[in-house]
Amino acid sequence: MLGKSRIYVAYTGGTIGMRKTAHGYVPESGHLQRLLAEIPRFRDPGVPEFEIVEFEPLLDSSNMTPGHWLQIADQIRSNYANYDAFLVLHGTDTMAFTAAALSFMLEDLAKPVVLTGSQIPLEETRNDAQNNLLTALLLLGRYHDRLPEVMVLFGDKLLRGNRATKVSVTGFDGFDSPNFPPLGRAGIDIEVDWELVLPPRTRELSVVAVGSAQVGAFRIFPGLEPRLLEAVLAPPTQGVVLECFGAGNAPTANLAFMRVLAEATARGVVIVDVTQALRGSANLSLYATGRALLDVGVVGGYDLTAEAALAKLFYLFAKGLSPDQVKRDMQRPLVGELTLPATEFAGTAWTAADRQGRLA
């Protein structure tokens with residue numbers, strides 16, 4: 001039909017198209033396409049045209065790497081002019097990492113990119129795969145010219161990709177955005193909160209190739225032996241996401257722990273403090289323990305998810321920035337990935353796009 005939207009579907013693997021075997025669910029080439037061909041709803045006139053392009057091989061998302069993020073981004077760039085929107089079918093285990101990474105890598109994105117998957121494969125009689133896939137296609141068909149960002153569509157929620165995190169391994173509401181409202185919801189109708197959507201970009205799409213930076217993550221815990229953290233921070237490490245207690249607190253009374261942090265930051269390692277809690281912000285100015293971390297060069301990540309913080313470190317180092325520049329930009333909302341406290345805006349000249357990361 002003339003005038004129909006065209007959707008490029010990058011099928012990376014994941015539960016949505018897996019086949020049940022004696023050894024458990026496994027991805028199988030062509031299986032998803034055969035199943036979709038048997039479901040009339042996907043040929044309904046109201047569904048946009050879509051083309052599925054498979055990864056080779058298909059992946060369980062536990063095996064996803066930054067190299068695969070780049071493969072997805074390159075597929076989008078190569079087909080950008082020929083399609084109205086892009087759908088990435090992805091396993092749930094690392095979907096939040098990929099969504100966050102793509103939100104940074106796809107610079108000046110002006111078309112929607114949605115990631116979805118399922119908790120139960122499409123081949124099962126009772127599944128969430130059909131609803132997630134059909135809803136994503138209908139959303140992209142209807143709003144392909146109004147959603148210029150990377151998103152996760154799962155269950156009834158449309159989430160900003162770099163705000164999403166997996167919250168359940170059993171429920172159909174497997175993803176949430178604890179520190180930022182959903183961009184939209186799918187009920188009787190698909191409704192979008194347009195005030196939350198990023199403003200459109202007018203420059204040409206470009207892709208930043210991430211993956212070469214030496215970055216990682218470390219979750220602190222009571223009784224931590226500093227030598228464990230020291231190994232993570234040792235050269236050639238460039239940056240680490242430090243998942244801390246509460247509002248970004250850590251065992252600052254442990255002098256060996258603090259010495260490890262201070263020596264690493266003195267070498268130029270960027271250490272970004274995020275909270276282990278689902279909701280809230282790593283505000284290192286609140287408590288004496290947080291201020292002690294600031295004193296040894298740790299950077300507060302505010303309400304960045306651990307997934308977004310790691311992806312952002314990969315991205316900023318891939319752009320060739322110095323450690324000081326990376327520290328600065330880790331605390332600056334680039335594509336709505338973090339919420340700055342109101343006091344952080346005093347005396348600054350934030351753009352409208354920057355302010356999309358801040359809630360009133």
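Small disclaimer: the values here were computed from a predicted structure and weren't measured.
Salt bridge present: Arg160 and Glu149 bring a charged side-chain N and a carboxylate O closer than 4.0 Å. Ion pair Asp193/Arg185 not flagged as a salt bridge, since none of the NZ, NE, NH1 or NH2 atoms sits closer than 4.0 Å to an Asp/Glu carboxylate oxygen.
Summarising the local packing, CZ of Arg43 is surrounded by more than 12 heavy atoms from other residues, nucleotides or ligands at distances under 6.0 Å. Heavy atoms from other residues, nucleotides or ligands lying under 6.0 Å from OH of Tyr287 number 12 at most. Environment of CZ in Arg41: sparse, with no more than 12 heavy atoms of neighbouring residues, nucleotides or ligands closer than 6.0 Å.
With no hydrogens or angles considered, no side-chain donor-acceptor pair links Thr237 and Arg267 at under 3.5 Å. Residues Asp60 and Ser62 have side chains that bring a donor and an acceptor to within less than 3.5 angstrom of each other. Between the side chains of Tyr11 and Gln33, not a single donor N or O lies within less than 3.5 Å of an accepting N or O.
Residue pairs meeting the salt bridge (charged side-chain N to carboxylate O under 4.0 Å, His left out) criterion with at least one member in residues 73-88, sequence neighbours excluded: Asp74-Arg77. For the ring pair (Phe, Tyr, Trp, His ring centres under 6.0 Å) condition, no pair includes a residue of residues 14-59, sequence neighbours left out.
The heavy-atom pair separating Asn254 from Leu224 by the smallest distance is ND2-O, 4.0 Å.
At least one cation-pi condition fails for Lys111 and Phe86: the charged atom is not both under 6.0 angstrom from the six-membered ring centre and inside a 45 degree cone around its axis.
To the nearest 0.5 angstrom, Leu304 atom CG is 4.5 Å from Leu338 atom CG.
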Please walk me through it: do Tyr143 and Trp194 pass ring pair (Phe, Tyr, Trp, His ring centres under 6.0 Å)?
CA-CA 11 Å; Tyr143 299 128; Trp194 296 108; 5.1 Å; yes
